[in-house]
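Worksheet: one structure, shown below.
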Number of protein chains: 2
Amino acid sequence: MKAAHQESTAPQILPEALFRALSDSTRLRAVVLLAREGELCVCELTIALRVSQPKMSRHLAVLRETRLVDVRRDGVWSHYRLAGGLPQWAREALRTVADGCYRQAPFARDVERLHRMPDRPGGRCST
Amino acid sequence: MKAAHQESTAPQILPEALFRALSDSTRLRAVVLLAREGELCVCELTIALRVSQPKMSRHLAVLRETRLVDVRRDGVWSHYRLAGGLPQWAREALRTVADGCYRQAPFARDVERLHRMPDRPGGRCST
DNA sequence: GCAATATATTCGATTATCCATATATATTCA
DNA sequence: TGAATATATATGGATAATCGAATATATTGC
């Protein structure tokens, strides 16, 4: 009997799709930041990465389509996190890269900007 | 004092360059095959991946430029292997992906074709 | 010295990707 | 109900990447 989220039968990400999705700087930074910070909304990612909102949204769409991230919608708010159903090799590869690179540019600055952000929705949604 | 191969000061691969290099199917398959098989020459990779020689050569050039692979030249023969000086996060990420995916298409078939190849130069160069 | 072999490179055409800008959609609040 | 807010989508243009075919280069063997 399958779990409600159907991890076992959902189309699994292929390695080529994973590498293709992360070949873009904006998407890679978003994924590394999510790996470090857990869950973030679009405006947090937009501020942290210093990109325009439509651009951020477009790249998140690619990450959704590639099944690298999951979305939790809360009214007008969309909260993103790394996908729960990733195969182990994908999860571990992302973890390895994120842990190995998050202290370096551009990732370190992304985290700085996130943590300096006033009025982070994250603070609100954990209420 | 630096080691002769200058691992500590050679320009290190960046995550974006790694993902970009492996976003192409041919290059990804080549790297996974090298991760499994150690060292291969151009014609072994060409046969295993069923791509034309100029195409294989062009993609290997990209992998060399990205410093993902090293070349050992022996007369007219060029033997490729995964780069020795990769940062740990890159080495581990590649290992994780290769170990996690080598049994699946298209990687499994690439290994089969390699192992079925008659007159493998590899047999000769280990002499 | 030339043919054979292995490999690398070039080039024009094609395909893919990214972008800024504009706009659409959904939700919430006064 | 309309304004404000958060987010998603469309589009044409620009840029980047890939490809097959052709060709170049280097080495080896006869």
Side-chain angles (χ1 to χ4, degrees), chain A residues 16-31 34 39-66 68-81 106 117-125 127, chain B residues 14 16-31 34 39-66 68-81 117-125 127:
Chain A
E16 184 185 342
L18 181 143
F19 283 102
R20 193 180 296 273
L22 300 183
S23 67
D24 173 84
S25 173
T26 301
R27 295 197 294 271
L28 177 59
R29 289 162 64 198
V31 164
L34 288 172
E39 191 181 59
L40 298 171
C41 66
V42 178
C43 66
E44 285 175 309
L45 286 159
T46 298
I47 296 291
L49 271 55
R50 293 182 74 178
V51 298
S52 69
Q53 181 273 316
K55 174 174 173 175
M56 192 68 253
S57 218
R58 181 64 210 136
H59 282 300
L60 286 170
V62 172
L63 292 175
R64 282 198 318 272
E65 287 157 14
T66 319
L68 272 168
V69 300
D70 287 334
V71 200
R72 173 175 66 86
R73 299 187 198 274
D74 176 18
V76 293
W77 298 87
S78 290
H79 303 273
Y80 285 85
R81 61 169 52 247
M117 184 177 169
D119 300 322
R120 280 186 65 186
R124 286 167 43 201
C125 73
T127 297
Chain B
L14 296 174
E16 184 186 343
L18 181 142
F19 283 103
R20 191 180 299 272
L22 301 183
S23 66
D24 174 84
S25 172
T26 301
R27 296 198 294 271
L28 176 60
R29 288 161 66 198
V31 165
L34 288 172
E39 190 182 59
L40 298 171
C41 66
V42 179
C43 67
E44 284 174 310
L45 286 158
T46 299
I47 296 290
L49 271 55
R50 292 182 75 179
V51 298
S52 69
Q53 182 272 316
K55 176 173 175 176
M56 192 69 254
S57 218
R58 183 63 211 140
H59 283 301
L60 286 170
V62 172
L63 292 175
R64 283 199 316 273
E65 287 158 13
T66 321
L68 271 169
V69 300
D70 287 335
V71 200
R72 172 174 69 85
R73 298 187 198 274
D74 176 18
V76 294
W77 298 87
S78 292
H79 303 273
Y80 285 85
R81 60 170 50 248
M117 184 178 169
D119 300 323
R120 280 187 65 188
R124 285 168 42 198
C125 73
T127 298

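- Between W77(A) and V42(A), the closest side-chain pair of non-hydrogen atoms is not below 4.5 Å.
- With R20(A) contributing its side chain and S23(B) its backbone, the two residues share a donor-acceptor pair below 3.5 Å.
- Between D24(B) and F19(A) the shortest side-chain heavy-atom distance does not fall below 4.5 Å.
- Taking both residues in full, the closest heavy atoms of R27(B) and A21(B) are given as NE-O, 2.5 Å, listed atom of the first, atom of the second, then distance.
- The two residues C43(A) and M117(A) come nearest to each other via the heavy atoms O-CE, 4.0 Å.
- One can place CZ of F19(A) at 17 Å from P of dA17(D), the figure rounded to the nearest angstrom.
- Following rounding to the nearest Å, R120(B) (CZ) and dA6(C) (C1') show an atom-to-atom distance of 17 Å.
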Expected list for residues 47-54 of chain A: side-chain donor-acceptor pairs under 3.5 angstrom, two or more places apart:
from: S52(A); atom 1: OG; to: K55(A); atom 2: N; distance (Å): 3.3

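- Scanning all heavy atoms of the two residues, the minimum distance from E39(A) to R81(A) falls at CB-NH2, 3.5 Å.
- Residue L40(A) contributes atom CG, which lies 11 Å from atom P of dT7(D) at whole-angstrom precision.
- Fit an axis to the five pairs at each end of the helix from dG1(C)-dC30(D) to dA30(C)-dT1(D) and the two axes sit 10° apart, to the nearest 10 degrees.
- For V76(A) and T26(A), each mapped to the nucleotide of DNA chain C holding its nearest heavy atom, the one lying further toward the 5' end belongs to T26(A).
- If you take CG of D74(A) and C1' of dA8(D), they are 17 Å apart, rounded to a whole angstrom.
- Taking 4.5 Å as the limit, some side-chain heavy atom of L40(A) sits within range of a side-chain heavy atom of R120(A).
- The distance from atom CZ of R72(B) to atom P of dA6(C) is 16 Å, rounded to the nearest whole Å.
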> Nucleotide by nucleotide, 5' to 3', does protein get under 4.0 Å of the base (B), only the sugar-phosphate (S), or neither (-) in nucleotides 8-18 of chain C, counting heavy atoms?
Replying inline: BB-------SS
